[in-house]
Structure formats: structure tokens, C-alpha cells
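Take a look at the structure below.
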Amino acid sequence: MIGKVVILASIFNFLFTQEEFFITIPATSYSDWVYFSVEQNSVIQVEDPENSLEWDFAFQRKHIKTNSGLSGIGNGGAYVDSSMTWTDTWNNTNSIPESIDWLEDITLYDFYDLQTHTFVEGIKNPALNTWGWFNSTYQLVPTNYVMYAKCANGIDVVKFWAYDYYQNNAGGNVSLRYETGFAIPFECQGVSGDVNLDNLINVVDIVTLVGYVLGNSSLDECQLLYSDLNQDDLINVVDIVNLVTLILN
């Protein structure tokens with residue numbers, strides 16, 4: 001390993017202040033996803049969702065994605081505590097649990113096909129999938145379970161409460177209440193330039209950094225810390241040049 005100053009840091013990177021929002025997502029299509037950005041607090045158009053960090057959550061009928069796992073390149077995910085409900089605890093909860101088992105998006109088999117009238121596979125988040133169930137009369141009943149969801153950046157977390165499915169008297173109009181201002185702390189102990197965190201500084205780190213600068217991949221907070229070689233709070237081609245110079249020297 002190339003000798004360099006070791007960085008030890010606890011990072012609480014709150015990109016969003018603590019605010020509460022109410023929004024209705026028009027997710028009425030059985031085939032198209034509606035993409036949502038927490039930063040913009042609005043539905044957005046995304047050209048290539050699987051390779052984009054612009055969106056945090058996506059909606060299609062009752063199905064909800066996070067930018068994680070099989071859905072996208074983000075570091076999102078979600079958590080559900082089915083032993084409690086937001087109807088009882090929302091106003092008294094001002095922090096996220098200390099230990100969370102974040103679930104990424106996977107393939108599930110409960111997407112209704114209008115052509116065959118059968119349930120087929122689709123990709124979504126298993127934790128957020130528990131936000132509501134259809135009863136015997138095919139009406140969706142929200143569970144109001146306590147849920148948290150990570151944004152695409154893998155740091156910022158929102159209290160997540162989907163509480164209604166029938167806004168404007170039409171199914172698929174999901175009423176969402178969420179609160180920002182929560183974040184996951186990162187304990188970073190490593191070396192400036194070790195972008196892929198393997199305790200070596202070599203061409204693999206250059207490739208990883210180039211991929212991030214070109215927008216083809218994401219980095220977690222510790223990787224971002226070690227990628228900013230000139231410590232100007234920007235990660236760009238200058239850092240790539242500095243990393244190449246570091247390796248050559």
C-alpha cells in the first residue's frame with residue numbers, strides 16, 4: 001500500500017434539512033413507473049432509471065421501488081417495523097433506529113397483468129411492499145407500519161408513510177407523508193486514494209474513480225471521502241489526475 005495520511009472520520013452528511021411533506025403520487029398505470037426525487041420533492045422524468053441517481057423512489061399502483069438492488073445503481077433501501085404503526089408513533093419519533101437491516105429491491109411475483117389476469121414478476125422493495133394489503137373485496141387497506149427509506153445517495157433517510165391509495169377516488173393515487181433530516185453515520189478509516197477500499201492504491205482505484213466521474217457508478221460516503229484527493233469538496237478530473245500522479249510517484 002502506498003504511504004499516505006490515514007483518514008478517520010465519523011460523517012453525518014445531512015443533505016436535506018428536517019422537514020415534513022405531504023404529496024400524492026399519480027401511480028395509476030399498470031405498466032409505467034412514476035419516479036420521485038426527495039431533493040426536488042416532486043415527480044421527475046428519468047431517461048434511464050436503472051443507471052440514474054436522480055430518483056429515490058418509484059411507484060406503480062401499490063408497488064414501490066427504491067434506487068437499489070435490481071432497480072438501480074443507487075445505495076437506497078428500506079426498513080419496516082411491523083410491530084408498530086405511524087398512527088401511534090409518528091409525532092414521537094425523531095431519530096432512526098440504531099440498528100437497521102436495510103432491504104434492497106428484489107424480484108417479487110405480485111404484479112397484476114391486465115392481459116392475462118394473472119400475477120407476474122416485477123422488481124420492487126420488499127419492506128415497502130408491506131405498506132398495504134388488498135382485502136377480500138379488493139380494496140387496499142394501509143397497514144401504517146413504521147417504515148424508513150434510504151435515498152439513492154445511501155446516506156439520507158426519510159420517515160416513510162404511505163397512508164392512502166384512493167386520492168381523487170381512483171386507485172393508484174398514493175398519498176405519501178415523509179420527513180427528511182435523518183442520516184446514516186459512516187465510520188471511515190482508510191487512505192486517501194483508496195477509492196475501492198481494498199487497502200491498495202492502484203489502477204483499480206483509477207478505474208473506479210473514472211466510472212464515478214463519468215456517472216456510470218456510485219460511491220458510498222467513505223469512498224467519496226477518499227476520492228477527493230485535493231480536498232476541494234469536488235470530485236472530478238482533477239482528482240483523477242492527482243490519483244494517477246500519486247500512483248506513478
Side-chain angles (χ1 to χ4, degrees), residues 1-16 37-39 46-58 65-79 96 98-107 123 125-127 148-157 182-249:
M1 182 174 70
I2 296 175
K4 194 69 176 175
V5 175
V6 174
I7 302 173
L8 176 62
S10 285
I11 303 171
F12 292 84
N13 188 7
F14 295 86
L15 297 186
F16 311 123
S37 166
V38 171
E39 182 177 11
V46 182
E47 194 168 305
D48 185 10
E50 292 183 359
N51 296 294
S52 172
L53 295 174
E54 296 177 90
W55 65 278
D56 299 296
F57 313 120
K65 289 183 180 182
T66 64
N67 197 333
S68 70
L70 298 179
S71 290
I73 61 172
N75 292 309
Y79 165 81
I96 60 177
E98 291 184 4
S99 178
I100 284 185
D101 182 18
W102 295 105
L103 299 184
E104 295 186 340
D105 288 23
I106 61 173
T107 300
I123 297 171
N125 191 275
Y148 296 89
K150 275 196 300 181
C151 296
N153 62 28
I155 305 165
D156 286 279
V157 175
F182 306 94
I184 300 173
F186 282 79
E187 294 287 345
C188 300
Q189 185 173 4
V191 178
S192 180
D194 182 17
V195 180
N196 68 337
L197 305 178
D198 65 352
N199 295 318
L200 297 171
I201 300 177
N202 52 30
V203 68
V204 178
D205 296 294
I206 295 175
V207 172
T208 304
L209 186 54
V210 169
Y212 174 79
V213 171
L214 292 177
N216 297 326
S217 61
S218 61
L219 300 176
D220 67 29
E221 186 68 9
C222 293
Q223 290 176 302
L224 292 172
L225 179 66
Y226 304 141
S227 298
D228 186 14
L229 278 81
N230 64 343
Q231 298 182 5
D232 64 350
D233 294 325
L234 297 172
I235 297 174
N236 51 29
V237 68
V238 177
D239 297 294
I240 296 173
V241 172
N242 287 340
L243 182 53
V244 171
T245 302
L246 175 64
I247 292 173
L248 292 177
N249 291 337

- Kindly state each residue pair satisfying side chain to side chain donor-acceptor pair (under 3.5 Å) with at least one member in residues 232-244, sequence neighbours excluded. Asn230-Asp232

- So, for Ser218 and Asn75, which heavy atoms are closest and what is the spacing to 0.1 Å? OG-ND2, 3.7 Å

- Query: How long is the span from the CD1 atom in Ile106 to the CD1 atom in Ile123, to the nearest 0.5 Å?
  - Reply: 10.0 Å

- Using the test side-chain hydrogen bond (donor to acceptor under 3.5 Å, both in side chains), find all partners of Ser52 that sit at least two apart in sequence or belong to another chain. Glu54

- For Gln223, side chain to side chain contact (heavy atoms under 4.5 Å, CB included) partners two or more places apart: Leu197, Leu219, Asp220

- Message: The criterion is side-chain hydrogen bond (donor to acceptor under 3.5 Å, both in side chains); which residues satisfy it with Asn51, sequence neighbours excluded?
- Response: Asp48

- Item | Interatomic distance, Asp194 atom CG to Leu200 atom CG [nearest 0.5 angstrom] | 7.0 Å

- Please identify each residue that fulfils side chain to side chain contact (heavy atoms under 4.5 Å, CB included) with Ser217, with sequence neighbours left out. Tyr212

- Message: When you compare the side chain of Trp102 with that of Val157, does any pair of heavy atoms fall below 4.5 Å?
- Response: yes

- Query: With Thr245, which residues qualify under side chain to side chain contact (heavy atoms under 4.5 Å, CB included), at least two apart?
  - Reply: Val241, Asn249

- Find out whether Asn196 and Val207 are in side-chain contact, i.e. whether some heavy atom of one side chain is under 4.5 Å from a heavy atom of the other. no

- Query: Rounded to the nearest 0.5 Å, how far apart are CG of Leu209 and CG of Leu229?
  - Reply: 7.5 Å

- Note on the structure: So CD1 of Ile96 and OH of Tyr148: to nearest 0.5 Å the spacing works out to 7.5 Å

- Task: State, yes or no, whether a side-chain contact exists between Leu70 and Thr107 at a heavy-atom distance under 4.5 Å.
- Result: yes

- Message: Among residues at least two apart in sequence or on other chains, which ones pass side-chain hydrogen bond (donor to acceptor under 3.5 Å, both in side chains) with Ser71?
- Response: Asp105

- Roughly how far apart are Leu224 CG and Asn153 CG, rounded to 0.5 Å? 9.5 Å

- Leu243 side, atom CG; Ile201 side, atom CD1 - distance, nearest 0.5 Å: 7.0 Å

- Message: For a quick test of reading the model, state the closest non-hydrogen atom pair linking Tyr79 to Ala127 and the distance between them.
- Response: N-CB, 3.9 Å

